[in-house]
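Report on one structure; see the data block that follows.
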Amino acid sequence: MNHFANPVYGGDYNPEQWPEELWLEDARLMREAGVNLVSLGVFAWSRLEPRPGEYDFDWLDRAMDLLHAHGIGVNLATATASPPPWLSVLHPESLPVRMDGTRDAPGSRQAYCPSSPAFRAAAAALTRCLAERYRAHPALKMWHVGNEYGCHTAACYCEHCAQNFRAWLQTRYANLETLNAAWTTDFWSQRYGDWAHISPPRQAPYMRNPAQVLDWERFSSDNLLACFEAEARIVRAATPDVPVATNFMGFFKPLDYWRWSAHQDLIANDIYPDPTLADSSAEAAMTADLMRSLARGKGWLIMEQVVGQVQWRARNALKRPGQMRLWSYQALARGARGVMFFQWRASKGGAERFHGAMLGHSGTDSRVWREVRDLGQELRGLRLPAPPTADVAILHDWESWWALEGEGHPARLTLMPLLRAWYAPLYARNVLTDFAHPDHDLRRYKAVLVPNLHLLSRAAARNLEEYVAGGGTVLVGAYSGIVDTTNQVHLPGYPGALRQLLGLHIEEFDVLAEAATLHVNTLDGERFQAHTWADVIHLEGAQALARFSDGFAAGQPAVTEHRFGRGRALYIGTQLHAAGLDWALERTLGVAGVDLTPQQPGVECVVAGSGEAQVTFWLNHNPNPVSVRAEGRDVLTRRVVSGTTTLEGYGVLALVSIQKAVAV
Amino acid sequence: MNHFANPVYGGDYNPEQWPEELWLEDARLMREAGVNLVSLGVFAWSRLEPRPGEYDFDWLDRAMDLLHAHGIGVNLATATASPPPWLSVLHPESLPVRMDGTRDAPGSRQAYCPSSPAFRAAAAALTRCLAERYRAHPALKMWHVGNEYGCHTAACYCEHCAQNFRAWLQTRYANLETLNAAWTTDFWSQRYGDWAHISPPRQAPYMRNPAQVLDWERFSSDNLLACFEAEARIVRAATPDVPVATNFMGFFKPLDYWRWSAHQDLIANDIYPDPTLADSSAEAAMTADLMRSLARGKGWLIMEQVVGQVQWRARNALKRPGQMRLWSYQALARGARGVMFFQWRASKGGAERFHGAMLGHSGTDSRVWREVRDLGQELRGLRLPAPPTADVAILHDWESWWALEGEGHPARLTLMPLLRAWYAPLYARNVLTDFAHPDHDLRRYKAVLVPNLHLLSRAAARNLEEYVAGGGTVLVGAYSGIVDTTNQVHLPGYPGALRQLLGLHIEEFDVLAEAATLHVNTLDGERFQAHTWADVIHLEGAQALARFSDGFAAGQPAVTEHRFGRGRALYIGTQLHAAGLDWALERTLGVAGVDLTPQQPGVECVVAGSGEAQVTFWLNHNPNPVSVRAEGRDVLTRRVVSGTTTLEGYGVLALVSIQKAVAV
Amino acid sequence: MNHFANPVYGGDYNPEQWPEELWLEDARLMREAGVNLVSLGVFAWSRLEPRPGEYDFDWLDRAMDLLHAHGIGVNLATATASPPPWLSVLHPESLPVRMDGTRDAPGSRQAYCPSSPAFRAAAAALTRCLAERYRAHPALKMWHVGNEYGCHTAACYCEHCAQNFRAWLQTRYANLETLNAAWTTDFWSQRYGDWAHISPPRQAPYMRNPAQVLDWERFSSDNLLACFEAEARIVRAATPDVPVATNFMGFFKPLDYWRWSAHQDLIANDIYPDPTLADSSAEAAMTADLMRSLARGKGWLIMEQVVGQVQWRARNALKRPGQMRLWSYQALARGARGVMFFQWRASKGGAERFHGAMLGHSGTDSRVWREVRDLGQELRGLRLPAPPTADVAILHDWESWWALEGEGHPARLTLMPLLRAWYAPLYARNVLTDFAHPDHDLRRYKAVLVPNLHLLSRAAARNLEEYVAGGGTVLVGAYSGIVDTTNQVHLPGYPGALRQLLGLHIEEFDVLAEAATLHVNTLDGERFQAHTWADVIHLEGAQALARFSDGFAAGQPAVTEHRFGRGRALYIGTQLHAAGLDWALERTLGVAGVDLTPQQPGVECVVAGSGEAQVTFWLNHNPNPVSVRAEGRDVLTRRVVSGTTTLEGYGVLALVSIQKAVAV
């Protein structure tokens, strides 16, 4: 399903912050810039309902009409992301409570408890009014439910949330004995005799129950999803054909986007890479791949990016000239159906007054405006190829993320550095990569990578086994397959759920001090540095590809390969530094028959679409020009390219086959 | 107005901590040390009013009488800086509330909510009793209202404060629509429909409204000032001729001392430089200059300094032998009318038992006592010259400070390092500098420096324009003139309020990563390092004095000069490292005709008074002797100095013209 | 008193976490491993009393019977370390309150207020039931009261605690005037007119009253001790002959173990050194010495250690193969009567599922199990020598520790690094060291060391004087003897309580910046680095052994020696780096006639017992073999050793005289 024929282009529009005299200029400039969609009313609740139950939609009517008159579609917000001050005065219990029991105040944004009946009722009432009033408005192209759910207030620890948590637990466990067993409540005298005695995992003297915390993270994601669903149901009932979505935030830990994406008509994402970091383009590519994977055919959008600079880091660099266009095409190449910005016109006041905008404080006589306008004009009428398809998948599971980063492990590991370390060599070789859930059907992938799945159900492990038995190749990172969905250790022995597949048994884990290193020697004569972790491995069918040369497990296997059915399962029982990881991935993907031609540093190449509609995107993330060998017609410049061609700094080529008759 | 004929010398005296048998020794030793003023009763409330409404002044009567009998004047405290335990038990709501809603307990000091009616009533009652009882006491020389207002509890977030805040806002904005506009409440759904819905900017999920926070900082300063005023009114009514003041704390961010100083009969300051820091003497000089500027002719005192070491830093070094005397003369040279210490006799117990004192734990057979006594005897009868007058002013505004250090900027900048960086080259050249508010009449200054005024009203900008148009010279630092008094951006474009004066327009700001540097090349062939910030400048009448040689704005102006009327306005669109800043300041002051003879490192020279009463102070901040070329009679040693003379380590010369007949 | 004839061997056993089918295997394996004691029911409250007042002991009966049937004794817990969820629901006020007023929730462990009447009543009731039921059970060998008192919740700041604190203060001070004097309440207006006005030292605006804080630390230790005593009284009444103890945690700051040890029938300690740290074996030795000293003849046990790795550090390394055995013998050599582990069988879930166990997740086919079993079999029947006796004592006082680490000192000093620095050279020379309280009879020691006793009563100072006058040797570190038991400075002058003994007067303390160093030159021509601190010393009978060569006190004494009576008192008025400290200790012990033969690095030698029962333990803490010159028969291998023999990496020798007839 693809709801938009042409590339979507636009941004958040907050006319309520400006005198109406300016609106006409806004609409005129939007048209000049090729804007075809704006998100409207995201934080307008206090304007739409200035007093409880008294609504004022007149100004919104005029804004919708004006936009429509200028050919601009509207992604209409349910406007519930931040309640007006009166709600928290009438219902102080609607304010969120932190883990330590202190309560947040309004004066910022998202200051609501997701379980609050008062908040939910008021939000539903407003949504109902908006759905009724604008269901037939010709500008309405999409519904924007809430905004960046979980941002700033991912969980509330109040009594209303405690009640919802208990109800959620009763659904999950049915009887208390099952919960007591799942939570190992006989440890530390936590056995419950009554559902009513269960609380959120609030501030406590020491480590909290890991199963309780894991369920709390599941619940908190689901509880916010219920807020989304309550509003989505209302607008879907009113306008069954208008797509409904909220905006995601990339690898955002608090929300299980696998669960959330099932409720979205398309996937919308907000992305703000730090331009001062060397790996920001890889990070953006990785996030785009996640979104394409979450979309699973539904299409996805960059719902928010910034033209120049943000204002929430300690130091906020400007994107370099051309970089915004480059990253926009990167997203389009990786399957996005459009790019949007926060926000249209830079605010004069408020906490985001120094956040960049399409129309900044310097107005139209500015580099930023020119880049915005030029990109909009360039995108107008461009026909996007189908999203690219990947041969490789990285398994990613929010539940395992939560489990890995909980308390009480042999070492404090964090997932994102692992994902980045494994993604980097793939990105450097232009190996397009999907993300997949361990329960997904994996048969279409040549190779499946598991940087870490600390938590893995027996069912998911069987899924992996079937994939490999059928001829697949998998590479698994250390400390995977250790606990089940209750955060209990798969017994007996490690790596419980993966022991058969990997053909080995891990007797114990040694952990190194912060700066310490150890080494592995490969059978093919290479030597690599490793850190943090050393499994003590006993082979049960697998073969050693590399062995530790020092440390606790000196002489014992460090990297292994197991022929399983018609496929192979490789394993890394330590944390390899980049060179070693590169070697392991190259070996895995080589075995799996994945093309591994390395690229020049900073040059990204993505092939999207197929047959006549195939487009090859060349993206130069370097500030300086590079030479690439490419063939085809650039649909952006209509220039024909052949042999070695120069790609300017931050430049883009979108090449179609020269023989092709239909323009892309 | 100068309330004291001779240099004031003394300290805090807390006889209530000691058996009365010791008091006579205290008085005798004070006389030996030349003490002529002591601050009495600062933390004596629980002794003066042991039970609610039951007062005990007998001991204070005896202390006052004894001091008077020994010729020692009293700076009598209203004793309200810390309420007794019973107040917080009777009125738990009088305890201050933190931003997160937790309440502070007693057991320390200053544990009161400034809005608390119970606290205010009890404080006024005690003040009234003291004023009545001692109005005619011959020892009474000065009133010490409260103590170090804002120290530790600069703002309270309780409901009483919320009420006071609302009343303050109603006075400021008159109607709610004005407030909604000033606070941009249409951003993030914060529009208020009722005054009663407004709260202090308490702990919130994310960045708080910057206009609300700014008004909260204004209010919190004013709210404490109201506490001061309530007590000051009472004592002024009783003793119209006795000066009234509280003690300031240098560049203390929470209180707008421009507003506070208008309510002081003289400016009293507490200063505790860290002797281990190389720039402590510059810091002390800068603070002295601020106090002289705040005093605006009223005179000022060091109300507290330490003889040896404090006890509140992680590591508290002793002042070196002679350094206390040196820093005392530094203050006197820069306009102080006396120096006092915390405290007279070192406490045996309590949180400050290891805080140095005039009479330390080692008693009179000690270096510290000898330095105290010798200085007191040296000062006795010394006639101080009039405070020195400056040709240069640095603009300083608390409101801009608060705005700059709020949330949501392109980069997190802090004001004090900027002030120190700009002050250092002036201090190194013995260029005496005032501090001035941007609204002040600046015509008496040859040059005006603006390290940063992020917030600048249009009126203040016009004031600066008039100053420059009339022939003045101004040097402005980056990110100045950006927002107005509501913390809203001056539109269109940067630097809104200063665009005319500086003759340029800033299109955007680039921000560099933490350790990154860039360079500027000056037209006169120099090259300097810069960091943190790079404006993209378009000249609108100004000329480039230096251009960026690398970075985002390579080739574009970095430092500019604009002829405006009969004067010049220079601008630095980056953060120059010391050498570049030195160059820019030298150029600015050179243009303005300020004498720039550099001094030997660590040698400070201040010329105070004029004509026959002129005194030239030479202060050697080095531990080793230096040679200076100086002429005159040293009023401290009565030695005549001519040509090259040796100034000992930490030594002082106070030279008057040899021809002069009257002794200084 | 030694309650156990043979070495104790075992661990925490939590059968309630496992199906009963497994218990028999547990018992069988325990027997195989030589286990003779297990701690049972430590966290079983919620299982023993699933609903208020409804007890279920059937499972515990079966567990006790089964263990007894296998010849395994039980250290039966009162099971009160963590109340069940229902208690906090019925009595929310039983949850502990933090200093900031927020309340902890259950879901972890030890979530109770030690003053809570509801908690105390429920704990006493459960203890009574257990005592009644198992008083005559033949497996009962010891009572385990509570668990790791003070861990995680060392103090609670609720109103119940405030009431207990007031009662405790009334007992200590009898009348309010005494308290006001002791607390110097005239400082900062804190004078109390009513006992009811006194509170715990809760979160306050600034530094809190140091005497109040010190008394609060005393009270908090005593308050938890009252919890212990309440339960101990019950079990003692039921079983007068069964030893009663709780488990200590080494140098655990919150609890005054001198006071606690008087209430223990034997000393039990939990110890978890970090295997990645070079000085962990010294730390373990030091802790063992503390326990032997606390035991004062009662015997002591390692109640908890880990076989492999813990799970609560950021990075948890495994003990190396052999290291667990080595450290076990280290404890036995230093007087332990047995070693136990946390825990028997590794949990499947809960916060400690990755904490090592005797029977880990990998089961019996594992290195860890083999080490556990082999040690158990080795220990079976081994007859331990009497604890070794020391010639040297380090004075250690919890009250002084609290005082030193309070707020408001010339420098923030922490005690443990000082203790470690002084202990290290003793350990390196195999000088066995006791710890002693300053009030103890010290006459049996050749030398007494005082790394720091900031707080020292006049009585304790007299005790030291008597010790030295009688011929003893003492070495005292800087900033000792400064305050009395009310945290008030001993006046006049420093070091108040030690001035006579040390024969000197300290005029003032200089403190150096963080990285700064200074130097001392000794009279015998050596030169050492020092840091942090420099006293200004005036000799009053002492002689300088070393003088500062630079810094504030250049030329003045830095290290001194005073002949006092028949002994000598040495003093170090700075913080010497290792080499200087080594020199000072060597000199002190040399004077005192202590044998100072240095050992090879990492080789520990302890001589325990005497006469025929004397055993010399050689412990090699190096991973590699070393050669030692030793003579005797190794009771572990029955091998006879003579001349130079090789001691394997992490190896142990336990040598008895070859002539000896009776086996050890």
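Chain identifiers are assigned alphabetically (A, B, ...) following the order of the sequence lines, protein sequences preceding nucleic acid strands; residue numbering begins at 1 within each chain.
In this structure, A105(C) and P205(A) approach most closely via the heavy-atom pair O-CD, 3.7 Å. Between V511(A) and A317(C), the shortest heavy-atom distance links the atoms O-CB, 3.2 Å.
Of the two parts of E407(A), only the backbone, made up of N, CA, C and O, holds a non-hydrogen atom closer than 4.5 Å to a non-hydrogen atom of chain C. Heavy atoms of I482(A) lying under 4.5 Å from chain C belong exclusively to its side chain. V42(C) does not touch chain A: none of its heavy atoms, backbone or side chain, sits under 4.5 Å away. Of the two parts of A513(A), the backbone and the side chain both hold a non-hydrogen atom closer than 4.5 Å to a non-hydrogen atom of chain C. Neither the backbone nor the side chain of P275(C) comes within contact range of chain A; no heavy atom of the residue lies under 4.5 Å from a heavy atom of that chain. Contact of V483(A) with chain C is made through the side chain alone, with heavy-atom distances under 4.5 Å. Using a 4.5 Å cut-off between heavy atoms, T276(C) touches chain A through its side chain atoms alone. In this structure, the portions of E16(C) lying under 4.5 Å from any heavy atom of chain A include both its backbone and its side chain. When heavy atoms are compared at a cutoff of 4.5 Å, S189(A) approaches chain C by way of both its backbone and its side chain.
Ring-plane geometry between F354(C) and H454(A) is classed as tilted, the angle between the planes lying from 30 to 60 degrees on a 0 to 90 degree scale.
Side-chain atoms of R353(C) come within 3.5 Å of backbone atoms of N487(A) as a donor-acceptor pair (strictly under, hydrogens ignored). Put simply, the side chain of N209(A) never gets that close to the backbone of G350(C): no donor and acceptor are under 3.5 Å apart. A donor-acceptor pair under 3.5 Å is formed between the side chain of E507(A) and the backbone N or O of R367(C). Side chain of E352(C) to main chain of F187(A): no donor-acceptor pair is present (N/O by atom type, distance under 3.5 Å, no hydrogens or angles). No side-chain donor-acceptor contact under 3.5 Å links S108(C) to the backbone of R208(A). Using modelled atom types, no side-chain atom of Q311(C) and backbone atom of P410(A) make a donor-acceptor pair closer than 3.5 Å.
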Point to revise | Audit row: Q17(C), D186(A), side-chain hydrogen bond (donor to acceptor under 3.5 Å, both in side chains) steps and yes/no | key: CA-CA 5 Å; Q17(C) 291 179 29; D186(A) 285 320; over 6 Å; no
Point to revise | Steps toward side-chain hydrogen bond (donor to acceptor under 3.5 Å, both in side chains) verdict (R315(C), T532(A)) | key: CA-CA 8 Å; R315(C) 286 163 173 258; T532(A) 301; 3.2 Å; yes
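For a heavy-atom cut-off of 4.5 Å, chain A lies close to V89(C), R98(C) in residues 89-101 of chain C.
A side chain to side chain donor-acceptor pair (under 3.5 Å) with D510(A) is found for one member of K319(C), Q309(C), R320(C) and no other, namely R320(C).
Here H197(A) contributes atom NE2 and S46(C) contributes atom OG; the two are 12.0 Å apart, rounded to the nearest 0.5 Å. Atom-to-atom distance recorded for N316(C):CG and H409(A):NE2 is 11.0 Å, nearest 0.5 angstrom. With values rounded to the nearest 0.5 angstrom, N14(C) atom CG is found 11.5 Å from W188(A) atom CH2. Put simply, CE on M207(A) and CZ on R109(C) are 9.5 Å apart, with the number rounded to the nearest 0.5 Å. Atom-to-atom distance recorded for R191(A):CZ and R47(C):CZ is 4.5 Å, nearest 0.5 angstrom.
Residues F552(A) and L318(C) form a side-chain contact, since some pair of their non-hydrogen atoms from C-beta on lies under 4.5 Å apart. The closest side-chain heavy-atom distance from Y192(A) to W86(C) is not below 4.5 Å.
In the model, Q203(A) has a side-chain atom that pairs as donor or acceptor with a side-chain atom of T102(C) under 3.5 Å.
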